[in-house]
Amino acid sequence: MAEKARFTPDLITLKDPRSAAAEAYRTLRSNLVFSNLDAKLQRIALTSPAQQEDKSATLANLAVTLAQSEHPTLLVDADLRRPAQHTLWGLDNARGLTSMVLEAQALAAPPIQPTGIPGLSVLTSGPLPPNPADVLASNKMEEVLTKLSSLATYVLFDVPPVLAASDAAVLGRK
């Protein structure tokens with residue numbers, strides 16, 4: 001029980017797993033997993049139109065349900081403007097996705113952090129770059145995506161709102 005205390009109330013799938021909201025996340029998980037049986041769904045990016053719509057909490061709760069169904073899941077905070085996953089999970093954000101793009105040793109050994117939930121890890125954003133869209137559009141990002149995809153059954157990306165920046169469109173093409 002002490003482990004759960006560090007999670008924010010936004011993680012309803014952990015705070016109140018029998019609630020209707022938690023069940024809705026499990027339904028979303030099932031719908032995604034069975035949405036295309038012919039092609040393996042591995043990378044999922046979640047965005048929203050505007051900032052205040054809790055996309056980060058939604059993605060974190062979806063990640064919990066995927067991990068709870070025994071699918072190794074990696075949650076990546078690719079919102080390089082206003083990252084939130086480190087706050088939701090109570091994690092350090094000194095190194096993360098941007099570190100993997102900028103440092104060869106971070107690409108070889110990604111600074112992924114455990115969450116305390118079996119099968120669920122988080123890659124925080126890391127230091128915020130001056131131009132996030134350039135980082136996400138870089139050729140190096142292709143290498144990062146390939147590496148991350150090799151580490152989990154599902155890789156979930158928390159990306160900035162589409163009305164705030166072009167980042168979601170840039171990452172969506174990859």
Side-chain angles (χ1 to χ4, degrees), residues 1-19 21-26 28-30 32-33 40-47 54-129 132 135-136 140-160 171 174:
M1 187 62 125
E3 183 68 26
K4 291 183 181 181
R6 69 185 179 110
F7 304 130
T8 66
D10 294 324
L11 296 172
I12 192 70
T13 52
L14 297 175
K15 293 291 185 182
D16 191 1
R18 291 192 168 104
S19 68
E23 183 58 32
Y25 284 112
R26 287 188 289 276
L28 175 60
R29 172 199 64 205
S30 296
L32 286 170
V33 169
K40 181 182 171 194
L41 175 67
Q42 183 181 28
R43 296 181 195 168
I44 301 170
L46 184 69
T47 188
D54 286 338
K55 65 172 177 59
S56 298
T58 297
L59 193 62
N61 281 290
L62 176 59
V64 168
T65 65
L66 285 165
Q68 288 174 337
S69 67
E70 300 181 1
H71 296 288
T73 303
L74 176 59
L75 177 53
V76 179
D77 200 339
D79 187 336
L80 303 182
R81 296 172 188 277
R82 294 179 66 172
Q85 293 301 330
H86 67 285
T87 302
L88 285 169
W89 294 99
L91 299 172
D92 180 35
N93 195 30
R95 298 184 75 240
L97 180 62
T98 56
S99 306
M100 288 187 71
V101 173
L102 299 173
E103 303 169 16
Q105 71 271 20
L107 182 60
I112 294 169
Q113 300 178 59
T115 62
I117 308 303
L120 179 58
S121 301
V122 173
L123 177 63
T124 63
S125 67
L128 302 183
V135 171
L136 296 173
K140 186 72 171 202
M141 189 64 182
E142 294 284 350
E143 292 178 54
V144 170
L145 293 175
T146 300
K147 176 68 175 185
L148 296 177
S149 295
S150 74
L151 301 176
T153 303
Y154 295 106
V155 184
L156 309 180
F157 294 90
D158 186 351
V159 297
L171 191 58
K174 295 182 178 286

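The first residue in the sequence is number 1, and the count goes up from there. These numbers come from a predicted model, not from an experiment.
Expressed to the nearest 0.5 Å, how far OG1 of T73 lies from CG of L156 amounts to 6.0 Å. Taking CD1 from I117 and CG from L66, the interatomic distance works out to 13.0 Å, rounded to the nearest 0.5 Å. Atoms CG and CG, on L80 and L136 in that order, are 5.0 Å from each other to the nearest 0.5 Å. The CG atom of L32 lies 5.0 Å from the CD1 atom of I44; values are rounded to the nearest 0.5 Å. Separating the CE atom in M100 from the CG atom in L123 is a distance of 6.0 Å, to the nearest 0.5 Å. Of the inter-residue distances, the one linking D10 atom CG with W89 atom CH2 reads 11.0 Å to the nearest 0.5 angstrom.
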Self-check item: side chain to side chain contact (heavy atoms under 4.5 Å, CB included) assessment of T146 paired with E143
Solution: CA-CA 5 Å; T146 300; E143 292 178 54; 5.7 Å; no
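Between R29 and H71 the shortest side-chain heavy-atom distance does not fall below 4.5 Å. Side-chain contact between F157 and L145 is present, with at least one heavy-atom pair separated by less than 4.5 Å. Here the side chains of Q85 and L88 are in contact, with some heavy-atom distance below 4.5 Å. In this structure, the side chains of Y154 and L75 stay at 4.5 Å or more apart for every pair of heavy atoms. Looking only at side-chain heavy atoms (C-beta outward), V64 and L120 come within less than 4.5 Å of each other.
Checking side-chain atoms of S99 against main-chain N and O of G126 turns up no donor-acceptor pair under 3.5 Å. Panel note: side chain Q68, backbone G119; no donor-acceptor pair is recorded below 3.5 Å. With hydrogens and angles disregarded, a donor-acceptor distance shorter than 3.5 Å links the side chain of T47 to the backbone of P160. N93 places a side-chain N or O within donor-acceptor distance of the main-chain N or O of S125, the cut-off being under 3.5 Å. Looking only at distances, a side-chain donor or acceptor of N61 sits under 3.5 Å from a matching main-chain atom of T13. Put simply, the side chain of K55 never gets that close to the backbone of D158: no donor and acceptor are under 3.5 Å apart.
Across every non-hydrogen atom of P17 and R26, the tightest pair is O-NH2, 2.9 Å. When all heavy atoms are compared, the tightest approach of R81 to L128 is O-CD1, 3.8 Å. Scanning both residues, L151 and P110, for their nearest heavy atoms gives CD1-CG, 4.0 Å. Smallest separation of non-hydrogen atoms from R95 and P111: NH1-CB, 3.7 Å. Here the closest non-hydrogen pair linking K140 and V101 is CG-O, 3.2 Å.
For Q105, the CD atom counts as densely surrounded, since its 6.0 Å shell holds more than 12 non-hydrogen atoms of other residues, nucleotides or ligands.
If you check the side chains of T124 and D77, you find no donor sitting under 3.5 Å from an acceptor.
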